[in-house]
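Taking it in order: structure first as structure tokens, then the write-up.
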Amino acid sequence: MAWEARRAQLAQVDRFTLQARVSSGGLFGVKGNLHWRQTPTDFDMRVAGPFGIGAATISGRGRDVEIRTSKRSFVTQDPEGDLKARLGWTFPVTHLRYWVLGQPAPGTPAEFEIDAAGRIVTIAQDGWTLEFSEYHPGALELPRKFEVANAELRLKVVVDSWSDLPALK
């Protein structure tokens, strides 16, 4: 029952701003900062490495998503497919808005595990696996530390702050 109550609360979160640190492992590991602003109608994610190196912006309104790097800029309605085709890597743009809140994305099957408090511990969805290891204290207990991985990529995310959240009913 704790998960159903939590899911109902998370469904009310249609806006947020978060500041986070991201890193990928491996030989050519990358570290950066993430600033994400989500509203009911659009989003803007900015990722930048140390001193602004490797900056990328992914923003969207409706079905249109614009992806900008220092070398390319394009608009797409298939961000995951176009990222793979144009840049050689993929990122779960469509689902991440839900996953970052600690819930499965709607519209496709997902397997997930919850803890006694009703918080997601793991999600497996559309070839991606998420592992949540820590939550921020507070009314919503939003994720603080989690990993997002598929066969090609593993990202560690540490959310330093959540803000601009809606008042819950």
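The shortest non-hydrogen separation linking Ala2 to Ala116 is CB-O, 4.0 Å. Closest approach of Ile123 and Pro104 over heavy atoms only: CD1-N, 3.8 Å. The shortest non-hydrogen separation linking Thr39 to Arg15 is CA-CB, 4.1 Å. Taking all atoms of both residues into account, the shortest heavy-atom contact from Phe43 to Ile58 is CE1-O, 3.5 Å. Nearest heavy-atom pair, His95 versus Asp126, reported as atom, atom and distance to 0.1 Å: NE2-OD2, 2.5 Å. Closest of all the heavy-atom pairs between Thr76 and Asp78 is OG1-N, 2.8 Å.
Side-chain N/O atoms of Gln125 and Trp99 include a donor and acceptor closer than 3.5 Å. Looking at Asp64 and Gln77, their side chains do bring a donor and an acceptor atom within 3.5 Å of each other. Checked by atom type, the side-chain pair Gln38/Thr17 shows no donor-acceptor distance below 3.5 Å.
Without hydrogens or angle criteria, Glu141 side chain to Arg119 main chain gives no donor-acceptor distance under 3.5 Å. One N or O on the side chain of His136 and one on the backbone of Val159 form a donor-acceptor pair closer than 3.5 Å. Judged purely by atom type and a 3.5 angstrom limit, Tyr135 uses its side chain to pair as donor or acceptor with the backbone of Ile120.
Between Ser59 and Met45, every side-chain heavy-atom pair lies at or beyond the 4.5 Å cut-off. Considering only heavy atoms from C-beta on, Val93 comes within 4.5 Å of Glu80 through its side chain. Side-chain contact between Pro92 and Val148 is present, with heavy atoms from C-beta onward closer than 4.5 Å. No side-chain heavy atom of Val75 sits under 4.5 Å from any side-chain heavy atom of Val65. Phe146 has its side chain out of reach of Ser133: every pair of non-hydrogen atoms, C-beta onward, lies at least 4.5 Å apart. Between Asp160 and Arg21 the shortest side-chain heavy-atom distance falls below 4.5 Å. Side-chain contact check for Pro79 versus Ile67: some heavy-atom pair is nearer than 4.5 Å. Looking only at side-chain heavy atoms (C-beta outward), Val22 and Lys31 stay at 4.5 Å or farther from each other.
Aromatic ring pairs are classed by plane angle as parallel below 30°, tilted from 30° to 60° and perpendicular above 60°; the pair Phe16 and Trp162 is perpendicular.
At a threshold of 4.5 Å between side-chain heavy atoms, the hydrophobic network of Ile, Leu, Val, Met, Phe, Trp and Tyr places Leu96 and Leu165 in one connected group. Residues Leu101 and Val158 are members of separate hydrophobic clusters, defined by side-chain heavy-atom contacts under 4.5 angstrom among Ile, Leu, Val, Met, Phe, Trp and Tyr. Both Val157 and Val100 are part of a single hydrophobic cluster, where members link through side-chain heavy atoms under 4.5 Å apart. In this structure, Trp3 is not a member of the same hydrophobic cluster as Val121, with clusters built from ILVMFWY side-chain heavy atoms closer than 4.5 Å. Hydrophobic cluster membership is shared by Trp36 and Leu130, with clusters built from Ile, Leu, Val, Met, Phe, Trp and Tyr side chains linked at under 4.5 angstrom.
In the displayed structure, Arg68 atom CZ is contacted under 6.0 Å by more than 12 heavy atoms of other residues, nucleotides or ligands.
With rounding to the nearest 0.5 angstrom, the CD atom of Glu152 is 13.0 Å from the OG atom of Ser24. Separation of atoms CG (Leu142) and CD (Gln103) is listed at 10.0 Å; rounding is to 0.5 Å. Taking OG1 from Thr122 and CD from Glu147, the interatomic distance works out to 12.5 Å, rounded to the nearest 0.5 Å. To the nearest 0.5 Å, atoms CG (Asn33) and CZ (Arg46) are separated by 13.5 Å. Here the straight-line distance linking atom CD of Gln19 with atom CZ of Arg37 works out to 12.5 Å at 0.5 Å rounding.
Residues satisfying the salt bridge (Lys or Arg N to Asp or Glu O under 4.0 Å) criterion with Arg61, sequence neighbours excluded, are Asp42.
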Inset, instruction - Output, in order, the C-alpha distance, side-chain angles, deciding distance and verdict of side-chain contact (heavy atoms from CB on, under 4.5 Å) for Asn150 and Thr129. - result: CA-CA 6 Å; Asn150 69 2; Thr129 303; over 6 Å; no
Inset, instruction - Test salt bridge (charged side-chain N to carboxylate O under 4.0 Å, His left out) on Glu4 and Arg6 and set out the steps. - result: CA-CA 5 Å; Glu4 291 306 320; Arg6 181 169 178 72; over 6 Å; no
